[in-house]
Engineer: 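After the structure tokens below, expect a handful of questions from me.
Lettering follows sequence order; numbering is per chain, from 1. Quick note: numbers below take in every heavy atom, side chains included, and nothing from hydrogens, waters or symmetry partners.
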Amino acid sequence: MSGEWVSIENLKNYEGKDVEIRGWLANRRSSGKVVFLIVRDGTGFVQTTLSLGEYFDKESLKTWERLPLESALIVEGKVRREERAPGGYELEGRKVTLVSSSDEYPIQKKDHSVEFLMENRHLWIRSRRQNAVLRIRNQVMMSIHEFLQARGFTLIDPPILTPAACEGTTTLFALDYFDLGKAYLSQSGQLYMEAACMAFGKVYCLAPAFRAEKSKTRRHLTEFWMLEPEMAFYDWQDNMRLQEELVSFIVQEVLRKKRRELEILERDTAPLERIQPPFPRISYQEAIEILQRKGFPAQWGDDFGGDEESVISQEFDRPVFIHHYPAAIKAFYMEPDPENPDLVLNDDLIAPEGYGEIIGGSERIHDLTLLERRIAEHHLPREAFAWYLDLRRYGTCPHSGFGLGIERTVAWICGIHHIREAIPFPRQIYRIYP
RNA sequence: UCCUCGGUAGCUCAAUGGUGGAGCAUCCGGCUGUUAACCGGAGGGUUGCAGGUUCGAGUCCUGCCCGGGGAGCCA
């Protein structure tokens, strides 16, 4: 008599059938003789009706009417198309089994402050919107793997504990490593990917990165996830072509497979539909000119902040590449422009709608002498980079790669304001709980 | 690190230097289709902490603690 255990996202395939839903009580309403239980199971939400009559007497209705929110339960009933029900389908309940009653649930149906929600992040992820964001994140991750694997890339996992800075400038989280002194949480897997691309040709890592900078903006976390592909024999332009194809693929896949989540987030999908290659390309020099035309006091040699990035991105209807930055404001490993050694063969990709930089990429220095000079100029510890220099001794070749910030990309696609909602458990300067 | 805003009931917020309230949540009652349901009733407070000014401080002053927003830095 009891029906098949079905997930809510598949309910529409069971119209007229008896099924069982296992989940949690998301909300409830009652009207004396009818009790409405809104049940969620992680795949969706469905309204269950319990009516006075054959299956429920007045006593039992009273019990279910008072069931605390987030209680775990199993409901059995018949799937019915119902215009009045949110989602178009509802469950005509015949039996409810209480798995566990909940304590009074802290997150309620009305307003909450950011502070309160962040303090209860472990519960907040149950909510409809947060659930939608994290489902889209999952899709982004899967689409990245699908895209790169189909193009012959090999996933190579980088170490998280590292002996020294990849880029010298940024601050690292340090910890004691037995008798070997300090170790640091990785701020980038790039240098290891450069080693790996000389072994496998095309490689990528999708891993956490850590920055101990005291950044306090909606675009920063101390722990974030980064995709870092690295390709042997790719020049800086091959690199950009790969980036625009990847970003377009990710966005189109989310549009194709996560429509419902985008609706929950009330994301205007029109700007996303436009995300197709090729992306516009402007030089650093052109970017400076745009800013000056817009009245910004930008000088050649300045780096761009969030406001500047927004102004530049507003000129275009899709992500825009900015290439050929001054070498002085970029990392030590970037290949100089052969026509002007003050510039490097790099690119930043700025997302539309003010979401800022989502990719930083470049061709890498492959000449041993030049790289040694750069390491010295940046006062980096030569011993720590011995293995990295080896890559330029044994069959060195031009190669390129980039880093894509997962949370910034997810936040942009979802249209959410702050990237802390784009990761399940954000780590920020003033928050490490829960 | 700097700038800025804030901390009052479980939550979101009110309260001219003069008896700390409301909505939601909780508990009790009502309602035959609710849509953040609705209607009636009840309980619920060391106003972040420590000093100070004052006849009197949630309110003014000083310090500290904890958060929010932003800058720099970066993905």
Engineer: Choose from B:A75, B:G70, B:G67 the nucleotide whose nearest atom is closest to any side-chain atom of A:R218.
Structural biologist: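 In terms of side-chain proximity for A:R218, the closest of B:A75, B:G70, B:G67 is B:G70.
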Engineer: Mind checking if A:D348 touches a base, just sugar-phosphate, or nothing, with heavy atoms under 4.0 Å?
Structural biologist: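 It contacts nothing in the nucleic acid.
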Engineer: Is A:E377 salt-bridged to A:R374, going by a charged N under 4.0 Å from an acidic O?
Structural biologist: yes
Engineer: Would the base of B:C31 count as contacting A:S30 through its side chain, where contact means a donor and an acceptor less than 3.5 Å apart?
Structural biologist: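 Checked by distance alone, the answer is yes.
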Engineer: On a whole-Å scale, what distance lies between the P atoms belonging to B:C28 and B:G70?
Structural biologist: 43 Å
Engineer: Select one nucleotide: of B:A71, B:U1, B:C11, the one nearest the side-chain heavy atoms of A:H112.
Structural biologist: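 Given the options B:A71, B:U1, B:C11, the side chain of A:H112 is closest to B:C11.
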Engineer: Looking at A:Y89, does the NZ or CZ of A:K12 lie under 6.0 angstrom from its six-membered ring centre and within 45 degrees of the ring axis?
Structural biologist: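 Judged by the rule, A:K12 and A:Y89 form no cation-pi pair.
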Engineer: Considering only atom P, compute the distance from B:A25 to B:G48 and round it to an integer number of Å.
Structural biologist: 26 Å
Engineer: Between B:U1 atom C1' and A:Q428 atom CD, what is the distance in whole Å?
Structural biologist: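 Roughly 17 Å, once rounded to whole Å.
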Engineer: For A:L404 and for A:N27, find the nucleotide of RNA chain B with the closest heavy atom, then tell me which residue's nucleotide is more 5'.
Structural biologist: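 Checking each residue's closest nucleotide, the 5'-ward one belongs to A:N27.
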Engineer: Quantified in whole Å, what is the P atom distance between nucleotide B:C11 and nucleotide B:U54?
Structural biologist: 36 Å
Engineer: Going from CZ on A:F56 to NZ on A:K33, what distance comes out if it is rounded to the nearest 0.5 angstrom?
Structural biologist: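 If we round to the nearest 0.5 Å, A:F56:CZ and A:K33:NZ are 16.0 Å apart.
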Engineer: For B:A71, give the paired nucleotide (Watson-Crick: N1-N3 plus N6-O4 or O6-N4; G-U: N1-O2 and O6-N3; both under 3.5 Å), or none.
Structural biologist: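 Paired with B:A71, as far as the under-3.5 Å criterion goes, is B:U1.
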Engineer: Examine B:G70: is either OP1 or OP2 under 4.0 Å from a nitrogen or oxygen in the side chain of A:K216? Give yes or no.
Structural biologist: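 Checking B:G70 against A:K216, no side-chain N or O comes under 4.0 Å of OP1 or OP2.
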Engineer: Report yes if a donor N or O on one partner sits less than 3.5 Å from an acceptor N or O on the other, where the partners are the side chain of A:E90 and the base of B:G33; otherwise report no.
Structural biologist: yes
Engineer: Answer yes or no: does a side-chain N or O of A:R420 lie under 4.0 Å from OP1 or OP2 of B:G69?
Structural biologist: yes
Engineer: Has A:F224 got its ring stacked on the base of B:A75, with centres under 5.5 Å and planes less than 30° apart?
Structural biologist: yes
Engineer: Picking from B:G30, B:G69, B:U34, which would you name as closest to the side chain of A:K62?
Structural biologist: B:G30
Engineer: Output the rounded distance in Å from OH (A:Y325) to C1' (B:C73).
Structural biologist: 14 Å
Engineer: Is the distance between the ring centroids of A:F304 and A:Y284 under 6.0 Å?
Structural biologist: yes
Engineer: So which nucleotide does B:A50 pair with, by the Watson-Crick or G-U wobble rule with both distances under 3.5 Å?
Structural biologist: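 Partner of B:A50: B:U62.
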Engineer: Is it the case that the base of B:G10 and the side chain of A:Q108 share a donor-acceptor contact (distance under 3.5 Å, atom types as modelled)?
Structural biologist: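 Answer yes: a donor N or O sits under 3.5 Å from an acceptor.
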Engineer: Please determine if a side-chain N or O atom of A:S31 lies less than 4.0 Å away from the OP1 or OP2 oxygen of B:U32.
Structural biologist: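 For B:U32, neither OP1 nor OP2 has a side-chain N or O of A:S31 closer than 4.0 Å.
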Engineer: Could you tell me how far apart A:R431 (CZ) and B:C66 (P) are, to the nearest whole angstrom?
Structural biologist: 12 Å
Engineer: What contact category does A:Q47 fall into here, base, sugar-phosphate, or nothing, at under 4.0 angstrom with non-hydrogen atoms?
Structural biologist: base
Engineer: Side chain of A:S215, base of B:C74: donor and acceptor closer than 3.5 Å?
Structural biologist: no
Engineer: Can you measure A:E82 atom CD to B:U32 atom C1' for me and round it to whole angstrom units?
Structural biologist: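 Distance, rounded to whole Å: 14 Å.
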Engineer: Which nucleotide wins on minimum distance to the side chain of A:T217, given the candidates B:C74, B:G72, B:G67?
Structural biologist: B:G72
Engineer: Per the atom types in the model, does the base of B:C31 pair as donor or acceptor with the side chain of A:E65 at under 3.5 Å?
Structural biologist: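 A donor-acceptor contact between them is present.
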Engineer: Which whole-number value in Å describes the distance from A:L61 CG to B:G29 C1'?
Structural biologist: 16 Å
Engineer: Using the six-membered ring of A:F45, assess whether NZ or CZ of A:R128 lies under 6.0 Å from its centre and within 45 degrees of the ring axis.
Structural biologist: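 Because its charged atom sits under 6.0 Å from the ring centre and within 45° of the axis, A:R128 does stack over A:F45.
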Engineer: What contact category does A:E92 fall into here, base, sugar-phosphate, or nothing, at under 4.0 angstrom with non-hydrogen atoms?
Structural biologist: nothing
Engineer: Closest approach to the side chain of A:F36, judged atom by atom: which nucleotide of B:A25, B:G70, B:U34 is it?
Structural biologist: B:U34
Engineer: Could you please name the partner base of B:G40, counting Watson-Crick and G-U wobble pairs only when both distances are under 3.5 Å?
Structural biologist: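 Paired with B:G40, as far as the under-3.5 Å criterion goes, is B:C28.
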Engineer: Can the ring centres of A:F385 and A:F332 be said to be less than 6.0 Å apart?
Structural biologist: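 Yes: the rings meet the under 6.0 Å criterion.
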Engineer: Please state whether the phosphate of B:C28, meaning OP1 or OP2, lies under 4.0 angstrom from any side-chain nitrogen or oxygen of A:R66.
Structural biologist: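 For B:C28, OP1 or OP2 has a side-chain N or O of A:R66 closer than 4.0 Å.
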Engineer: Could you tell me whether the phosphate oxygens of B:C73, OP1 or OP2, come under 4.0 Å of any side-chain nitrogen or oxygen in A:R211?
Structural biologist: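 It does not, given that no N or O in the side chain of A:R211 lies less than 4.0 Å from OP1 or OP2 of B:C73.
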Engineer: Expressed in angstrom and rounded to an integer, what is the separation of A:I350 atom CD1 from B:A75 atom C1'?
Structural biologist: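 From A:I350 CD1 to B:A75 C1': 11 Å.
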Engineer: Using atom C1' in both nucleotides, what's the gap between B:G58 and B:G21 to the nearest angstrom?
Structural biologist: 12 Å
Engineer: Grab the CD1-C1' distance between A:I38 and B:G33 for me, whole Å please.
Structural biologist: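 The distance from CD1 of A:I38 to C1' of B:G33 comes to 11 Å, rounded to the nearest Å.
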Engineer: In whole Å, what separates the P atom of B:C5 from that of B:A14?
Structural biologist: 16 Å
Engineer: Determine whether a donor-acceptor pair (one donor, one acceptor, N or O, separation below 3.5 Å) exists between the side chain of A:R80 and the base of B:G33.
Structural biologist: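 Per atom types, the contact qualifies.
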Engineer: Which pair of non-hydrogen atoms, one from A:R431 and one from A:E115, has the smallest distance, and what is that distance?
Structural biologist: NH2-O, 3.9 Å
Engineer: Given the C1' atoms of B:C31 and B:G69, what is the spacing between them in whole Å?
Structural biologist: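 Looking at atom C1' only, B:C31 and B:G69 are 45 Å apart.
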Engineer: For atom P, what is the distance between B:G68 and B:A75, given to the nearest Å?
Structural biologist: 24 Å
Engineer: Strictly under 6.0 Å, is that where the ring centroids of A:H112 and A:W124 end up?
Structural biologist: no
Engineer: Considering only side-chain heavy atoms of A:S113, which listed nucleotide, B:A71, B:U12, B:A75, is closest?
Structural biologist: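 Of all the options, the side chain of A:S113 is nearest to B:U12.
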Engineer: Let me know the distance between OH of A:Y105 and C1' of B:C24, rounded to the nearest Å.
Structural biologist: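 My rounded result for the distance is 16 Å.
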Engineer: How do A:P106 and A:R408 order along RNA chain B: which one's closest nucleotide is nearer the 5' end?
Structural biologist: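 Its nearest nucleotide lies further toward 5', so the answer is A:P106.
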Engineer: Do A:L272 and A:R267 make a side-chain contact, defined as non-hydrogen atoms from C-beta onward lying under 4.5 Å apart?
Structural biologist: yes
Engineer: Quote, to the nearest angstrom, the P distance that separates B:U59 from B:G40.
Structural biologist: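 That atom pair is separated by 35 Å.
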